[in-house]
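I am attaching a structure below and will ask some questions about it afterwards.
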Amino acid sequence: MEIRRDLYLDKLIRKKHNGLIKVITGVRRCGKSYLLNTLFYRHLLESGTDADHIIRFAFDSADDLFLIEENLIQIQKEKRGVDPEKFTKYIQSKMTDDGMYYLLLDEIQMLDCFEAVLNGYLRKQNTDVFVTGSNAKLLSKEIATEFAGRGDEIPMYPLSFSEFMSVYPNDRYMGLTEYMLYGGIPQVVLQEEPADKALLLQSLFNEIYIRDITKRNRIRNTSELDDLLNILSSAIGSLTNPEKLKNTFRTLKSSSITSVTIKKYLEYLEDCFLIEPAQRYDIKGKAYMDTPQKYYFSDLGLRNARIHFRQFEKTHAMENVIYNELRMRGYNVDVGVIPVVERNEEGIPVRKQLEIDFVCNLGFKRLYIQSAYSIPDEAKRTQEIRPFRKIDDSFRKIIITGDMTPSYYDDYGVLTVNIYDFLLDPKSIEK
């Protein structure tokens with residue numbers, strides 16, 4: 001069964017021949033290789049490109065490395081990257097005329113000096129380069145520096161709920177529960193039995209993600225990294241920082257781990273796209289607040305597998321799903337903070353901070369969004385819209401709820417939309 005990834009395929013098609021290196025980034029097993037080597041490759045063929053003008057190479061493939069006289073096991077033993085001279089010599093042998101060639105290169109971070117190699121291909125008028133990578137530090141950093149404005153990053157996520165539903169056999173209500181439980185890793189979604197899904201998720205986490213992080217960053221004390229993952233998994237969407245996490249370690253684990261080490265581990269988890277931070281933004285002061293911030297998992301199935309599916313709260317899961325959906329749609333997403341001064345029961349002025357779950361920016365467009373799993377009465381609704389009423393601007397203000405109610409605007413212009421319509425219809429928050 002094939003899962004369409006039209007959102008990302010359309011982006012690749014639009015970016016053809018733009019003079020930039022197209023870099024698809026994202027967590028391992030989210031579908032980057034399939035997008036590039038199957039869906040986009042098929043598009044090129046259907047568009048009339050000759051197969052011998054499409055050069056595909058996967059740097060984590062033993063068969064492909066054999067073509068350039070490299071050995072995957074030997075590379076791993078020697079802890080080095082693929083020899084760039086052997087690779088470029090192979091590519092030169094394939095480019096036999098002046099026609100346009102498309103280079104589809106998988107897991108480019110495994111090639112030594114990859115930024116220099118790719119920059120070299122940019123100078124060729126008949127070469128269009130598309131690559132994938134699974135490490136932000138090795139890719140995003142170079143896109144901003146070594147590529148000097150010549151890199152075009154395309155962040156890719158596991159399946160959106162809409163993509164998930166395109167292959168899910170039951171209704172959207174059952175679908176969302178399963179999506180929040182097992183996530184959107186394509187390989188997992190295509191498993192039929194829940195036990196197989198859970199087993200595969202746990203295997204992926206331990207055998208792919210954890211092993212990759214510890215090996216790449218030469219981590220010896222893996223127990224601390226495991227504990228940090230467990231703490232983050234148990235508190236998705238909660239405000240935290242390295243200092244607060246250090247205190248948690250000290251209380252729960254009697255650990256002497258430092259905040260510096262925790263900060264480093266958090267960066268490792270971000271670099272492999274397992275988690276994303278959402279910074280706090282002072283809406284009135286129009287400034288970012290360094291700490292604390294929230295962390296969300298790029299895939300809820302991986303998060304749930306980490307804690308053996310023991311802690312499944314739909315409130316926090318829905319918030320994580322909304323965050324991921326907004327990121328897939330291209331928004332930059334922050335946590336909104338509104339400082340206010342209110343009088344308490346004794347009439348004494350008290351400083352408070354009201355929170356808006358998501359402040360979403362896309363160009364000149366801005367949305368303020370609250371996630372509310374249920375709004376059973378007017379008191380709850382008043383609580384949710386209270387921060388909105390402290391904002392002076394006219395940008396759209398939205399409550400996304402798990403209640404199965406039709407969309408409506410209240411007297412204050414706040415739109416309420418249910419989670420199903422929001423996830424399945426991007427225009428639902430613009431009507």
Side-chain angles (χ1 to χ4, degrees), residues 160-162 171-173 175-177 179-180 236-239 278 280-286 294 296 313-345 350-431:
S160 68
F161 182 60
S162 177
D171 63 41
R172 61 182 186 172
Y173 308 111
L176 184 58
T177 297
Y179 180 70
M180 290 194 299
I236 52 173
S238 298
L239 289 170
R280 298 172 82 210
Y281 178 74
D282 183 341
I283 295 172
K284 286 191 174 182
K286 298 181 179 179
K294 292 186 177 184
Y296 294 98
E313 316 92 337
K314 289 188 176 181
T315 302
H316 295 147
M318 190 178 93
E319 184 178 327
N320 203 137
V321 165
I322 292 171
Y323 174 86
N324 287 344
E325 180 68 25
L326 291 166
R327 295 289 291 127
M328 291 177 201
R329 295 180 187 181
Y331 286 97
N332 293 311
V333 183
D334 303 310
V335 178
V337 177
I338 308 173
V340 297
V341 178
E342 297 180 336
R343 295 185 180 275
N344 61 18
E345 295 179 356
V350 178
R351 294 182 180 274
K352 297 181 179 179
Q353 289 185 339
L354 304 182
E355 183 177 299
I356 291 178
D357 290 328
F358 303 120
V359 179
C360 318
N361 293 287
L362 181 59
F364 293 107
K365 184 177 180 180
R366 172 175 287 188
L367 305 173
Y368 299 110
I369 293 178
Q370 295 283 51
S371 170
Y373 183 71
S374 180
I375 305 179
D377 51 40
E378 194 59 32
K380 175 63 174 176
R381 180 171 184 81
T382 300
Q383 175 188 336
E384 293 294 338
I385 68 171
R386 183 183 172 212
F388 287 156
R389 300 195 62 192
K390 300 293 183 179
I391 302 175
D392 296 330
D393 63 47
S394 59
F395 290 112
R396 193 178 294 267
K397 300 168 181 67
I398 303 162
I399 298 175
I400 300 176
T401 176
D403 298 329
M404 291 179 282
T405 56
S407 301
Y408 69 94
Y409 284 92
D410 65 14
D411 294 339
Y412 300 105
V414 175
L415 171 65
T416 298
V417 59
N418 69 67
I419 183 68
Y420 307 97
D421 289 345
F422 166 72
L423 294 174
L424 295 173
D425 180 9
K427 296 182 179 179
S428 62
I429 56 176
E430 300 176 357
K431 296 178 180 177

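Values in this document were obtained by computation on a predicted structure and should not be read as measured data.
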**Prompt:** If you measure from CG on N324 to OH on Y296, what distance do you get to the nearest 0.5 Å?
**Reply:** 10.0 Å
**Asked** After noting the C-alpha distance and the side-chain angles of N361 and R366, does the key distance pass the side-chain contact (heavy atoms from CB on, under 4.5 Å) rule?
**Response** CA-CA 5 Å; N361 293 287; R366 172 175 287 188; 2.8 Å; yes
**Asked** Would you say the side chains of D403 and T401 form a donor-acceptor pair under 3.5 Å?
**Response** yes
**Asked** Parallel under 30°, tilted from 30 to 60°, perpendicular over 60°: which one fits the rings of Y368 and F388?
**Response** tilted
**Spatial distance of atom CG (L423) from atom OH (Y179) [nearest 0.5 Å]** = 7.5 Å
**Prompt:** Side chain of D334, backbone of G336: donor and acceptor closer than 3.5 Å?
**Reply:** no
**Prompt:** For V321 and M180, which heavy atoms make the closest approach, and how far apart are they?
**Reply:** CG2-CG, 3.8 Å
**Asked** Salt-bridged, R329 to E430, with N to O below 4.0 Å?
**Response** no
**Message:** Contact between V333 and E325 at the side-chain level, heavy atoms closer than 4.5 Å - yes or no?
**Reply:** no
**Asked** Are the side chains of M404 and Y173 in touch, meaning some heavy atoms are under 4.5 Å apart?
**Response** yes
**Fill in**
Heavy-atom nearest pair, P387 first then I391, reads O-CG1, 3.6 Å
**Message:** Return the CD1 to CZ distance between I283 and F395, rounded to the nearest 0.5 Å.
**Reply:** 11.0 Å
**Prompt:** If you take all heavy atoms of Y331 and C360, which pair is closest and at what distance?
**Reply:** CD2-CB, 3.7 Å
**Fill in**
When rounded to the nearest 0.5 Å, the distance separating CD1 of I429 from NZ of K427 is 12.5 Å
**Prompt:** I400 and M318: which non-hydrogen atoms are nearest, and at how many Å?
**Reply:** O-CE, 3.6 Å
**Request:** Determine, stepwise, if the pair T416 / E384 fulfils side-chain contact (heavy atoms from CB on, under 4.5 Å).
**Result:** CA-CA 11 Å; T416 298; E384 293 294 338; over 6 Å; no
**Request:** Examine distances only and state if a side-chain atom of N418 and a backbone atom of T405 form a donor-acceptor pair shorter than 3.5 Å.
**Result:** yes
**Message:** Quick one: does any side-chain atom of Q370 pair with a main-chain N or O of D357 as donor and acceptor, under 3.5 Å?
**Reply:** yes
**Asked** Y373 and E319: side-chain donor and acceptor closer than 3.5 Å?
**Response** no
**Prompt:** With side chains defined as the heavy atoms from C-beta onward, is the minimum distance between N332 and R327 less than 4.5 Å?
**Reply:** yes
**Fill in**
One should read off an interatomic distance between K294 NZ and E355 CD, to the nearest 0.5 angstrom, of 3.5 Å
**Message:** Quick check against the 3.5 Å criterion: does R381 have a side-chain atom that pairs as donor or acceptor with the backbone of I375?
**Reply:** no
**Request:** Evaluate side-chain contact (heavy atoms from CB on, under 4.5 Å) for R172 paired with D421, printing each intermediate quantity in order.
**Result:** CA-CA 10 Å; R172 61 182 186 172; D421 289 345; 3.2 Å; yes
**Asked** Tell me, do R386 and T382 make a side-chain contact under 4.5 Å, heavy atoms counted?
**Response** no
**Fill in**
What one should report as the nearest heavy-atom pair of I356 and I338 is CD1-CD1, 3.8 Å
**Asked** Does a side-chain heavy-atom distance below 4.5 Å link K380 with D377?
**Response** yes
**Asked** Got L415 and S407 here, is their nearest side-chain heavy-atom distance under 4.5 Å?
**Response** yes
**Item:** Geometric class of the F358/Y323 ring pair [parallel <30°, tilted 30-60°, perpendicular >60°]
**Value:** tilted
**Y420 to G402 - nearest heavy-atom pair and separation** = CE1-O, 4.2 Å
**Item:** K314 vs T177 side-chain heavy atoms within contact, under 4.5 Å
**Value:** yes
